[in-house]
Amino acid sequence: MLATTLVLSAACSPGTGGGDGKSFEFWSFTAINQKASVDAYRAKHPEVEIKLTEVGTSVETAQALTTALAGGKVPDLVLIQGDDLPKFLEQPQNFVDLRTLGADAIKGDYLDWVMSQSTARSGEIVGIPTDVGGMAVAYRTDLFAAAGLPTDRDQVGALWPTWEAFIETGKRYTQASGKAFVDNAATSVFSQAVNQGAQKYYADGGELIYASNPEVRSAFDLGIKAATAGITAKQPSFSSGWSAGMAQGQFAVLAAPSWMLNAIRSNAPDTAGKWDIAKVPGEWGNWGGSYLAIPKGAKNPQAAWNYIKEMQSPQGQLEHFVRSGALPSTPSVYKDDKMAFAKDPFFSDAPTGTIYTDSLLGLKPFRIGPDTSAINQELGNVIANVEQGGGDPATAWADALRNTKTAIGK
C-alpha cells in the first residue's frame, strides 16, 4: 500500500505513464493493497514502469475519474468498484471498448453475471472483473473465548443463522465482555443483509425500487436494530479509528468479504492467528468486486491491456487469491487445489477457498444501477447517524428516503 493517499482533482496531470508503449499510469483505491499485484507484474516484466496512485476510497476514486473524464486527462488504467461501474457504463464512449483489444476471446473465463455488469447495452465491454467478494464474518477467537462464546468456526456460524441471531449474539458478547461486539452497523449488518435479497435498489427491468422494496426496508431495519443495540464500536469502516480499533481488539467481529482479509492483515498485523472466519448469517451472498477499465484518451492502452490480460487471467486471479485472499471471478479455478485446499494461517487456518466459494452457491444476482453506490451511501449514512446518537431511529427510514431522493433526484 502506498504511504500517501491522494484525492485527485482536475488540476492533476494523469496520463503520464510514459510513451514507450509498455509503461502506464494506474489509478486504484485504498485498503486493498493493489501495490502487491503491481509488484508481482513488475517482477515478471522489469522493463515496464507502472505509476500507481491510490486515489482514496472507491467512491473517491470514482469521483476523481468522473472529473478526469470531463477534463480530458485520464490514467491509462483504473480500478472501478462494482457498485460504481453502472454510471460509467451509461457512457461507454468514455472508455476503450475492450473487445477491440481482445476481450471477446476471454470473456467466457469469468462468471456470467459478473461479466454482464461491465457490458453496455450496445455491446461494448468496458471492464474486466478482478474479483468478487463472497461473504463471511471474521471474528477474534481469543476475545470470543474470554467472553465464554465458542471459538470453533462451525459452532460460531451456528450462533447466527439469521441477522437477528447475530445481533442477539452481539448482546451476549457485550454483556459478558463489556466491549463492543462489531465494528459498525452500516457496513457489517446493513450492507451485508441488503446484498442477500433477490432484488436491491433496482427491479430487473431497471426501475428504481429502493423506496418500495421490502427487502431493502428489512435490511435497513436490521441496521438500525444493530445500531441501537449497544453492540457496535461506532467505527466507520476504513476510518483511522476503525484501523486502530481492529489492531487493539476494540471489537471482535466485522463483515469480511474476501477482499477484507487483506485489510485485516494490513491494519492488525500483530493479531495473526487470533482471527477465524465463519459463515455469514443467511449463509450466502456477495459484497464487492471490482473491474479494470481503460479510459478513452489513455496514452498507453495496449500496455494497460497487457496488464489486465495477464493479471486477470484465471491463473493470475488464482495467484492473487493465494497472495491476498481475493476471491477470483474466474470459476474455472474454484476446484484447483490451491483454492479447494487453501488454508490461511493468519485466520487460524480457515479454509478460505471453500468458505467463500460456498457463499456464492445460493446467489441470485440482482440488478445494479447507476445510482446503486449513491443509494448505498445515503442509507448507510442515516444508520451511522443513528448509531452515533445524532439520528432518531423512529424517523430513520423517512430520513433515509428523503436524503436519497435529494442525492439522486428521484
Side-chain angles (χ1 to χ4, degrees), residues 14-15 17 22-42 44-45 48 50-55 57-58 61-62 64-66 68-69 74-89 92 94-111 114-120 124-133 258-259 262 288-321 323-324 326-330 368 373:
K22 296 179 180 179
S23 302
F24 60 94
E25 181 162 9
F26 181 9
W27 285 6
S28 177
F29 38 85
T30 57
I32 59 168
N33 195 16
Q34 192 66 43
K35 185 176 183 296
S37 291
V38 167
D39 287 345
Y41 189 76
R42 282 175 175 149
K44 295 179 182 179
H45 304 279
V48 176
I50 303 173
K51 182 182 178 183
L52 174 66
T53 301
E54 290 189 331
V55 177
T57 66
S58 59
T61 303
L65 177 60
T66 298
L69 289 169
V74 295
D76 300 297
L77 183 65
V78 62
L79 187 68
I80 304 173
Q81 207 270 342
D83 282 353
D84 293 309
L85 186 65
K87 65 182 177 183
F88 294 111
L89 206 61
N94 286 333
F95 296 87
V96 173
D97 179 0
L98 299 181
R99 294 178 301 177
T100 64
L101 295 170
D104 274 343
I106 64 171
K107 66 181 182 181
D109 291 342
Y110 304 93
L111 291 163
V114 177
M115 197 70 218
S116 68
Q117 292 173 3
S118 63
T119 303
E124 297 95 333
I125 296 177
V126 168
I128 295 296
T130 63
D131 64 314
V132 286
S258 59
W259 48 264
N262 203 52
S290 300
Y291 296 81
L292 286 172
I294 302 174
K296 187 68 66 71
K299 291 187 176 181
N300 297 294
Q302 186 62 52
W305 174 251
N306 293 343
Y307 179 89
I308 291 174
K309 189 175 180 181
E310 180 171 331
M311 299 306 289
Q312 305 314 323
S313 67
Q315 186 60 35
Q317 291 205 11
L318 179 61
E319 291 175 3
H320 190 213
F321 167 78
R323 196 165 56 241
S324 72
L327 183 61
S329 60
T330 51
I368 299 175
S373 180

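Everything numeric in this text was worked out from a predicted model, so none of it was measured. Count residues from 1 along the sequence.
Here the straight-line distance linking atom CD of Q34 with atom OG1 of T130 works out to 7.0 Å at 0.5 Å rounding. The OG atom of S290 sits 9.5 Å away from the CG atom of D83 when rounded to the nearest 0.5 Å. To the nearest 0.5 Å, atom CG of residue L85 and atom OG of residue S58 are 12.0 Å apart. Rounded to the nearest 0.5 angstrom, L98 CG and K107 NZ are separated by 12.0 Å. A distance of 15.0 Å separates OH of Y110 from CD of Q117, quoted to the nearest 0.5 Å. The distance from atom NZ of K35 to atom CG of L52, rounded to the nearest 0.5 Å, is 8.5 Å.
Between the Q81 side chain and the A62 main chain, no donor and acceptor come within less than 3.5 Å of each other. Side chain of D131 to backbone of P328: no donor-acceptor contact under 3.5 angstrom is found. Formation of a donor-acceptor pair under 3.5 Å by the S118 side chain with backbone atoms of M115 is found in this model. Between the W27 side chain and the P75 main chain, no donor and acceptor come within less than 3.5 Å of each other. A distance-only check finds a donor-acceptor pair linking the side chain of D76 to the backbone of N300 [under 3.5 Å].
Taking each heavy atom of I50 and Y41 in turn, the nearest pair found is CD1-CD2, 3.7 Å. Listed here is the closest heavy atom pair of A103 and I125: CB-CD1, 4.0 Å. Minimum heavy-atom separation, S28 to T61: O-OG1, 3.6 Å. Nearest heavy atoms, A303 versus S23: CB-O, 3.9 Å. The two residues W305 and L101 have their closest heavy-atom pair at NE1-O, 2.9 Å. For the residue pair K22 and V48, the shortest heavy atom distance occurs at O-CG1, 3.2 Å.
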Go through the steps for S373 and D84 under the test side-chain hydrogen bond (donor to acceptor under 3.5 Å, both in side chains), then give the verdict.
CA-CA 6 Å; S373 180; D84 293 309; 2.8 Å; yes
Please assess W259 against L327 for the test side chain to side chain contact (heavy atoms under 4.5 Å, CB included), listing each intermediate value before the final yes or no. CA-CA 7 Å; W259 48 264; L327 183 61; over 6 Å; no
Inset, instruction - Could you give me the CA-CA distance, side-chain angles and deciding distance for L69 and F95, then say whether side chain to side chain contact (heavy atoms under 4.5 Å, CB included) is met? - result: CA-CA 9 Å; L69 289 169; F95 296 87; 4.0 Å; yes
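For K87, the NZ atom sits in a packed shell: over 12 heavy atoms of surrounding residues, nucleotides or ligands are nearer than 6.0 Å.
Remark: the E310 side chain and the N306 side chain contain no N/O donor-acceptor pair separated by less than 3.5 Å.
In this structure F29 satisfies the ring-ring contact (aromatic ring centres under 6.0 Å, His included) test with no other residue, sequence neighbours excluded. Applying the side-chain contact (heavy atoms from CB on, under 4.5 Å) rule to E319 yields the partners K44, Q315, R323; only residues at least two apart in sequence or on another chain are considered.
Using a 4.5 Å cut-off on side-chain heavy atoms (C-beta onward), S37 and Y307 make contact. At least one side-chain heavy atom of L77 sits less than 4.5 Å from a side-chain heavy atom of L292. Side-chain atoms of V126 and Y291, non-hydrogen and from C-beta on, never get closer than 4.5 Å to each other.
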